[in-house]
Amino acid sequence: MNASTLDPRQVKTVLEAALLTSQEPLAVADLKKLFDEELSSDTLRRVLEELRSDWNGRGVELVQVASGWRFRVRPEYQAFLERLNPQKPPRYSRAVLETLAIIAYRQPVTRGDIEEIRGVTVSTNLIRTLEARGWIDIVGHREVPGRPALYATTKAFLDDLNLRSLDELPPLDDLGSLVDTAGLAPIPPGAEEPVAAPLEELRRAAAA
Amino acid sequence: MNASTLDPRQVKTVLEAALLTSQEPLAVADLKKLFDEELSSDTLRRVLEELRSDWNGRGVELVQVASGWRFRVRPEYQAFLERLNPQKPPRYSRAVLETLAIIAYRQPVTRGDIEEIRGVTVSTNLIRTLEARGWIDIVGHREVPGRPALYATTKAFLDDLNLRSLDELPPLDDLGSLVDTAGLAPIPPGAEEPVAAPLEELRRAAAA
Amino acid sequence: MVSETAAAAPVARVYGEPVHEIPHDLYIPPDALEIFLEQFEGPLDLLLYLIRKENINVLDIPMAALTVQYLEYVEIMRAGALELAAEYLLMAALLIEIKSRMLLPRPAVAGLEEDPRAELVRRLLEYERMKLAAHRLNEVPQAGRDFSLVCVLFERDIGGQMPEVGTDDLRMAWMTLLTRAAVNRHHRITREELSVREHMSRILRRLQEARYVEFKELFDPGKGIAILVVTFLALLELAREGLVQLTQQPAYAPIYVKLKTSHLTTVQ
């Protein structure tokens with residue numbers, strides 16, 4: 001599927017898929033990133049309005065909130081859904097968990113440190129979620145321009161995770177061997193082609 | 001809205017809303033709980049099939065996996081969404097993948113069985129990784145000295161791979177294709193198909 | 001360039017042919033060797049590589065040649081002072097044993113069962129099957145990695161129930177970060193390092209309350225020597241990261257620890 005040949009209907013399909021899968025509301029600026037070609041905010045808003053009316057009369061509706069657009073259940077359908085596994089606790093998004101992991105393992109850290117490790121911006125909202133929970137707090141400021149706050153985990157965090165100290169967190173020292181850190185596909189199986197550079201090549205390289 | 005006066009169209013609307021909001025696949029038995037009135041499994045399945053075809057040609061599709069029904073993004077639309085969300089679960093190393101494959105195709109197996117097949121020690125960390133992911137669990141113990149734990153793959157593993165049962169795993173290579181001279185192939189014990197039946201029994205015994 | 005020709009020559013292709021030894025003076029860069037050997041998941045993987053590379057019939061493995069070649073690799077690993085897993089040596093012993101049993105006379109009607117190589121062949125094939133299965137399993141699209149799941153907000157009234165987080169969630173989150181390779185692989189976090197970081201947070205919290213604290217007040221001898229050492233390391237790390245300042249006027253006077261402030265920095 002080529003983003004540059006999108007017709008308006010496909011723009012709507014992509015927007016719908018993105019909004020249905022996002023855990024957070026998506027701002028128009030975020031939605032623009034979905035497409036290669038430049039889409040004006042006006043075009044996007046028009047398609048969003050269309051999408052909203054497409055969902056009229058369904059159990060789920062598209063709404064605009066302060067931070068963007070999102071789908072949610074229509075209040076009149078809540079009662080039905082509440083009959084499903086009512087005891088199931090909600091879960092944090094991966095963004096929240098990653099931020100929490102970085103603060104736990106690398107404390108004290110600034111928001112900039114977290115962004116560097118995650119490779120994406122960390123929203124104020126996200127930090128606030130963890131602060132509101134009482135799991136992180138500010139323990140100081142780094143003396144660089146802007147004096148960014150240094151975050152650390154609190155005792156409440158340890159208590160809630162049933163830990164006596166940070167030492168009891170799972171050690172990370174050998175996790176590296178469990179993931180494909182190079183981001184490469186696994187080495188092709190030996191039956192098709194040899195897995196490794198033949199020793200001869202190494203020798204030749206060494207002898208050269 | 002009164003559940004006892006639901007017309008078939010509303011049944012579909014409620015099902016759709018439930019499936020769109022659920023973080024886990026929903027089994028037919030779960031879906032029945034949504035309604036006051038008794039709905040037969042057949043009726044539900046018919047409505048689900050209708051819902052599935054309603055979503056044809058959209059960015060999202062309704063699929064059936066091991067634990068039930070759920071919506072997912074069609075793989076051909078994933079490329080668009082990736083521009084929004086760089087967070088993905090880890091790509092595992094070969095050690096993890098080989099261990100997972102042995103558990104998936106030879107289950108139930110002990111850590112010793114895995115070590116025997118791979119010819120190397122299997123670290124606790126490696127097993128923990130797959131357990132933490134919710135892909136494997138202990139379904140019993142082998143009655144030999146030390147009572148080693150028997151591992152099997154979970155429904156969540158099949159769900160994450162969008163499969164309904166172990167039969168849908170990629171088939172194992174024919175031994176004949178691995179040896180040069182067909183016909184002379186020694187048949188290794190247990191080389192046939194993954195054994196699903198004894199596994200169910202073990203689970204039942206473990207739950208009892 | 002003797003090694004050039006020696007290296008290019010086929011190694012152990014024919015039954016019973018002598019296998020070229022690696023010249024003793026040949027230098028292989030340890031890094032290259034390590035990367036090369038790291039690609040193997042163990043002795044079975046290495047053996048399979050040797051067999052497939054030479055196009056050897058798995059059902060009729062030339063034990064002498066294979067053993068020599070295998071030992072050659074093991075020898076390089078040892079010479080390179082690489083940490084050699086015991087499994088590699090165990091396999092070497094097994095290969096030698098099979099090789100010697102091949103020399104013994106066998107019953108006239110020798111089926112594969114009587115072949116000393118049968119068990120090795122069975123293991124090699126089973127491992128290869130699983131290795132291929134692992135590769136294929138990894139190609140099956142995975143939720144979250146290759147396709148997203150739908151997740152529409154449902155503001156359920158669950159009595160303000162907060163999301164639960166377990167240590168496994170944090171571990172998983174970290175593995176995700178590792179995969180994205182944004183985290184430097186050499187930045188390994190050990191338990192020891194973690195408790196240092198915990199004490200860094202503790203000292204910073206303490207300094208928030210009091211502008212400065214006397215050095216020795218930060219240490220509590222009652223907690224044991226391990227905590228004292230960790231506290232000291234935490235202070236050093238804080239100073240290194242420029243988060244605190246350690247000052248002492250004359251020699252032997254009390255040492256003070258204070259938060260580093262921009263005001264002080266400019267005065268200096």
Side-chain angles (χ1 to χ4, degrees), chain A residues 20-21 23 60 70-73 81-82 89-92 94 97-98 100-101 104-108 117-119 133 139-140 142-143 147 150 152 161 165-167 169-173 175-176 178-183 186-191 194-198 200 202-207, chain C residues 3-4 7-8 26-29 32 36 39 48-49 52-53 128 131-132 135 138 148-156 161-165 167 169-171 173-183 185 188-191 194-195 197-198 200-201 204-205 208 242-243 259-262 265:
Chain A
L20 283 172
T21 52
Q23 297 189 344
V60 157
R70 80 179 320 162
F71 275 106
R72 68 155 187 215
V73 171
L81 305 199
E82 261 150 31
R91 292 194 47 80
Y92 282 125
R94 210 174 271 140
L97 288 175
E98 283 181 16
L100 182 60
Y105 284 103
R106 286 286 171 84
Q107 60 186 286
I117 295 175
R118 290 195 57 223
R133 187 78 191 258
V139 292
R142 185 165 288 153
E143 293 308 328
R147 298 190 72 245
L150 285 161
L161 268 74
S165 76
L166 284 180
D167 299 7
L169 280 177
L172 301 180
D173 29 337
L175 284 190
L178 301 175
V179 297
D180 190 8
T181 33
I187 297 142
V195 292
E200 285 84 322
L202 275 173
R203 287 189 195 155
R204 220 170 296 137
Chain C
S3 54
E4 173 77 43
L26 177 61
Y27 173 75
I28 295 177
F36 173 69
Q39 298 190 57
L48 263 181
Y49 165 71
R52 295 304 182 194
K53 180 170 71 94
E128 187 167 39
K131 188 175 147 175
L132 290 166
H135 180 67
N138 194 41
S148 301
L149 295 176
V150 163
C151 167
V152 168
L153 178 71
F154 170 29
E155 281 156 342
R156 190 191 298 232
Q161 195 180 356
M162 298 299 270
E164 279 171 16
V165 173
T167 53
D169 294 316
L170 297 180
R171 194 170 180 274
W174 197 268
M175 287 183 73
T176 308
L177 291 167
L178 273 176
T179 311
R180 294 219 303 276
V183 177
R185 204 177 175 180
R188 294 184 174 166
I189 293 186
T190 60
R191 285 184 192 282
L194 203 50
S195 56
R197 302 211 73 88
E198 186 170 29
M200 286 166 69
S201 295
L204 283 176
R205 266 202 194 93
Q208 294 289 301
L243 297 171
L259 284 177
K260 194 162 177 183
T261 63
S262 20
T265 322

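Remember, it's a predicted structure, so these values are computed and weren't measured experimentally. Each chain gets a letter, A, B and so on, in the order its sequence line appears, and its residues count up from 1.
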- Euclidean distance, A:L20 CG relative to C:L149 CG, rounded to 0.5 Å: 12.0 Å
- Message: Between A:L166 and C:R197, is there a side-chain heavy-atom distance shorter than 4.5 Å?
- Response: no
- From CA spacing to verdict: side-chain contact (heavy atoms from CB on, under 4.5 Å), A:Q107, C:M200: CA-CA 8 Å; A:Q107 60 186 286; C:M200 286 166 69; over 6 Å; no
- Task: Would you mind reporting whether C:C151 and A:T21 have side-chain heavy atoms less than 4.5 Å apart?
- Result: no
- Task: Can you measure from CZ (A:R118) to OG1 (C:T176) and round to the nearest 0.5 angstrom?
- Result: 10.0 Å
- Evaluate the side-chain proximity of A:L172 to C:M175: yes if any heavy-atom separation is below 4.5 Å, no if none is. no
- Between C:A173 and A:A101 the two heavy atoms that sit nearest each other are CB-CB, 4.0 Å
- Who are the side-chain hydrogen bond (donor to acceptor under 3.5 Å, both in side chains) partners of A:R70, not counting sequence neighbours? none
- Task: Please identify each residue that fulfils side-chain hydrogen bond (donor to acceptor under 3.5 Å, both in side chains) with C:E198, with sequence neighbours left out.
- Result: none
- Message: For C:L243, which atoms come within 4.5 Å of any heavy atom of chain A: side chain, backbone, both, or neither?
- Response: side chain
- Does C:L153 reach the side chain of A:V73, with side-chain heavy atoms less than 4.5 Å apart? no
- Item | Straight-line distance of A:Y92 OH to C:D169 CG, nearest 0.5 Å | 11.0 Å
- Query: Where is the tightest heavy-atom contact between C:W174 and A:R106, given as atom of each residue plus distance?
  - Reply: CZ2-NH2, 3.8 Å
- Please answer whether the main-chain N or O of A:L175 pairs with a side-chain N or O of C:R171 as donor and acceptor at a distance below 3.5 Å. no
- Atom pair CZ/CG of C:R205 and A:L150 - distance to nearest 0.5 Å: 11.5 Å
- State, to 0.1 Å, how close A:L161 and C:V165 come at their nearest heavy-atom pair, and which atoms those are. CG-O, 3.7 Å
- Item | Choice from A:V60, A:L178, A:L97 maximising heavy atom contacts with chain C below 4.5 Å | A:L97
